[in-house]
Amino acid sequence: MADYLSFMYDQDTGYIGLNYLHKPSRSFEFSEEQLNTSLEYVYFPAVTHYSRRDRNEVQKLPDNKIKISLYIEDNPQIAHERLIELINLGIPVITVVDMYHMSYHSAYHNAHGAHAVVVTGYNLEEGYVEIFDKYGLSKSDFDGRMSIEEFICSRNSDNDQGSYKKPIRNMWMEVSKNECFTPDYASCKNIIVESLSRMKGEKDILGFKCGLPALESFIKDLVYKRDTMPDDDLFYLLRYYNTAFKIVSRSRTRFMVFLKEISAMVDDIEEICDCFNNSSAKWEIASNLALRLALTKNKNVMSNICRQLELIKETESRAVEKLLKLSFKREA
């Protein structure tokens, strides 16, 4: 399930991302093109209003992909009834919540943010749902019960981002696949091939520059903005990078895990994994520095951020060079 290794940059706005730009958005209504840029094994239809779905289209399954259908539904009762229906069929439900309303998390009544959890069961008489949320990268470690009332509130939240709102709209995901689907050697190999193409800057994604050339342009522009951008605009931008850098950091960790998972197919991945572990740590450092700058308004911190980004470029360049020389074992 690894996403392709990448880095995107838009010089006009300063936004960065992976296989799509991480930018402020007021909606979760993404197109098919936007959704299908990052996962080798997955096909996403466009985000669909559940009450307006085409049932014939819903039933279509690609042979060689896992299908993940994302639904939004503005009627919380309909959304909850569908969740109950799926659980009664023995199907756990991946649903989006606002962490502001999740009492087990540090963001509870502290900060808004969309987050996916798995609902594994419910009890209408006692008024609870069973939640599984073990995503360590967001400091989630919960496997327990939550009141249905609070849960419905978390799914129906306006998700206030300060300068704008991004309503959750009871969003959830339904996962399906044909019985014949299985991850294969060719697809695993293609994740590496496609990742290299993106990191070498050989192709644009959604019209934006990618990979190491994009990272180099980003660093140069950030140095220029440090010296020329009005302070308030710069501090606002660095708050954005605090979150965006964390997202890039997590992608490097996920790619490292993917490489370890396919270690039986390839030779000598340990050093490459070390590169991505190192890169992930440096992206996290850059994220923390960005927040420090935004809070303290000490522009001297910018030099440290740019230094970390230069080190990241060197580390990821080295990883790409080693991926190019990666030796695949013959398919069993």
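Just so we're clear, the structure is a prediction, and the values are computed from it rather than from any experiment. All values below were derived from every heavy atom in this structure, side-chain atoms included, with hydrogens, water molecules and symmetry-related copies excluded. Count residues from 1 along the sequence.
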Flag for [Y]-[X]: side-chain donor and acceptor within less than 3.5 Å:
X      : Y      : result
Asn64  : Tyr41  : no
Ser279 : Thr315 : no
Asp158 : His112 : no
Ser38  : Asp3   : no
Ser280 : Asn277 : no
Tyr104 : Asp133 : yes
Ser217 : Gln11  : no
Lys282 : Asn278 : yes

Between atom [atom1] of [X] and atom [atom2] of [Y], what is the distance when rounded to the nearest 0.5 Å?
X      : Y      : atom1 : atom2 : result
Ile262 : Leu326 : CD1   : CG    : 7.0 Å
Leu196 : Asn190 : CG    : CG    : 10.5 Å
Cys306 : Leu311 : SG    : CG    : 11.5 Å
Ile192 : Ile269 : CD1   : CD1   : 9.0 Å
Asp74  : Arg169 : CG    : CZ    : 4.0 Å

**Study point:** Electrostatic pair Lys65-Glu40, nearest N-O below 4.0 angstrom
**Key:**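 No, no charged N to carboxylate O under 4.0 Å.
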Point to revise | Arg252 charged N/C atom sitting above Phe276 aromatic ring, 6.0 Å / 45° | key: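 No - Arg252 does not lie over the ring of Phe276 by the 6.0 Å and 45° rule.
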Practice item. Using the ring of Tyr50 (Phe, Tyr or Trp, six-membered ring only), decide whether Arg53 places NZ or CZ under 6.0 Å from its centre and within 45 degrees of its axis. Key: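 Judged by the rule, Arg53 and Tyr50 form a cation-pi pair.
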Check your understanding: Less than 4.5 Å apart, any side-chain heavy atom of Lys189 and any of Val266?
Key ->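 No, side chains not in contact.
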Review point. Below 4.5 Å, heavy atoms only, C-beta onward: do Leu83 and Arg155 meet side chain to side chain?
Key: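 Yes, close enough: below the 4.5 Å cut-off.
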Taking the ring centre of each residue, are [X] and [Y] less than 6.0 Å apart?
X      : Y      : answer
Phe208 : Tyr15  : no
Trp283 : Phe7   : yes
His49  : Tyr71  : no
Tyr240 : Phe235 : no

Exercise for review: Report the relative orientation of the aromatic rings in Phe28 and Phe30; use parallel for angles under 30°, tilted for 30 to 60°, perpendicular for over 60°.
Suggested key: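 Geometry flag for Phe30 against Phe28: perpendicular rings.
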Point to revise | ILVMFWY clustering at 4.5 Å (side-chain atoms), partners of Tyr43 | key: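 ILVMFWY cluster around Tyr43 holds nothing else.
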Check your understanding: Which atom pair, heavy atoms only, marks the closest approach of Leu35 to Pro45?
Key ->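 The answer is CD1-O, 3.3 Å.
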Point to revise | side-chain hydrogen bond (donor to acceptor under 3.5 Å, both in side chains) assessment of Asn242 paired with Ser287 | key: CA-CA 4 Å; Asn242 166 241; Ser287 170; 3.1 Å; yes
